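Heads up, the thing below is written out as structure tokens.
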Amino acid sequence: MSKFLNDNLKSLEAYTPGEQPRDKKYIKLNTNESPYPPSQAVIDAVNSQEVSDLRLYSDPLCKTLKEKLAARYDVNYENVFVSNGSDESLNFYFMAFCSKENPVVFPEISYGFYKVFADLYSISYTAIPLKPDFSIDVSDYIGIGKNIVIANPNAPTGIALPLSDIERIVASNPDNIVLIDEAYVDFGGESAVSLTKKYDNLLVVQTFSKSRSLAGARLGYAIGNAEIIADLEKIKYSTNPYNINRLTLVAGAAAIDSDDYFMENCHRIMETREFTVNELTKLGFTCIPSCTNFIFAKSDDISGNDLYLKLKDKGVLVRHFSSPAICEYNRITIGTQEEMETFIEKVKECLK
Ligand SMILES: Cc1ncc(COP(=O)(O)O)c(C=O)c1O
């Protein structure tokens, strides 16, 4: 740390992304990426003409992509915000709507970035504990009178709340913005996008990183009331008007055009998830019921950290979190069927 860093940032603990190792080739089940490549339409869209056009700035309106997203989700153009990964939508939500005076709450076990954003902007926040079975206690959020962020399905647990519960939370907090982070919704969750027409205090955030195989392109979006979206645009134009690069814009538009391909991949991943849960259960693991492209699992026969280290040694990377409440678990991204068969073989070796 330099002596120049602002005092309020000295104690900030930054987010730690999952490892992206370069030392050898791993079966990479640690950052919830898709095991499948983007569609051929996406690959064709990022062509040499688009690369030579990189000399020009990208469209700050993101018009074509926004129009396609609006049509895909049956909302209006003014209801869509496009961001550099969904992380940027989350970032702007915390920056725009939360503060010391406008506190925010989120589940204690959830996406680690919520706490980082709250700390970054010196926002008052409460991390609300989950129930012992790792589910969210909806009653904790009813009429709480604060801004609310909920990942649905939640991460790293994989558990989804039904839409009726989300609606009760949104309806009971009309003077605060409820952000529903739907990074994993395409793997079996129920989206709250339709509720954005009924409630002006709901912001739904999704990403191209998981179900649409574009993690490296950095593309996310938020859907909500036009006034909230205009506030997010104001933040964007006050930070980086060209937040989406040209290649990502065309890749994203092509991805929406090949929706069938991506949704089919999601189904394949869900089938492989069921296979993996069955196999892990046979080996004595406890698997939390997952509506995502990952499984949160623990074994009584090996500690979470030992399993993580042994698997890494055998060329399989999973995500281990050291916080005491979840350190016995590992979060295992669903890869291809073949990768998961190898994963199960390696787990058997680790248990020997
Ligand atoms: C719950 C959740 N939300 C948001 C994100 C951010 O995704 P991205 O910025 O790649 O869209 C992640 C990434 O892992 C996540 O797990």
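Just so you know, these numbers come straight off a predicted model, no measurement behind them. These numbers come from the heavy atoms of this one structure, side chains and all, not from hydrogens, waters or symmetry mates. Both ligands and their constituent atoms are indexed starting at 1 by order of listing.
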Point to revise | Ring centroid separation Tyr15 to Tyr111 under 6.0 Å | key: yes

Point to revise | Atom NZ of Lys24: over 12 foreign heavy atoms under 6.0 Å | key: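 For Lys24, atom NZ is crowded (more than 12 foreign heavy atoms under 6.0 Å).
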
**Study point:** NZ (Lys131) with more than 12 external heavy atoms under 6.0 Å
**Key:**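 It does: Lys131 NZ has more than 12 such atoms within range.
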
Exercise for review: Using heavy atoms and a cut-off under 4.0 Å, could you grab the residues that are in contact with ligand 1, chain by chain, numbers ascending?
Suggested key: Gly85, Ser86, Asp87, Tyr111, Asp181, Ala183, Tyr184, Thr207, Ser209, Lys210, Arg218

Point to revise | Cation over ring face, Arg331 and Phe294, 6.0 Å, 45° | key: yes

**Study point:** Residue pair Thr336 / Glu338, side-chain donor-acceptor N/O under 3.5 Å
**Key:**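 Result is no, nothing qualifies.
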
Check your understanding: Do the side-chain N and O atoms of Tyr121 and Asn91 include a donor-acceptor pair separated by under 3.5 angstrom?
Key ->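 The answer is yes; a qualifying pair exists.
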
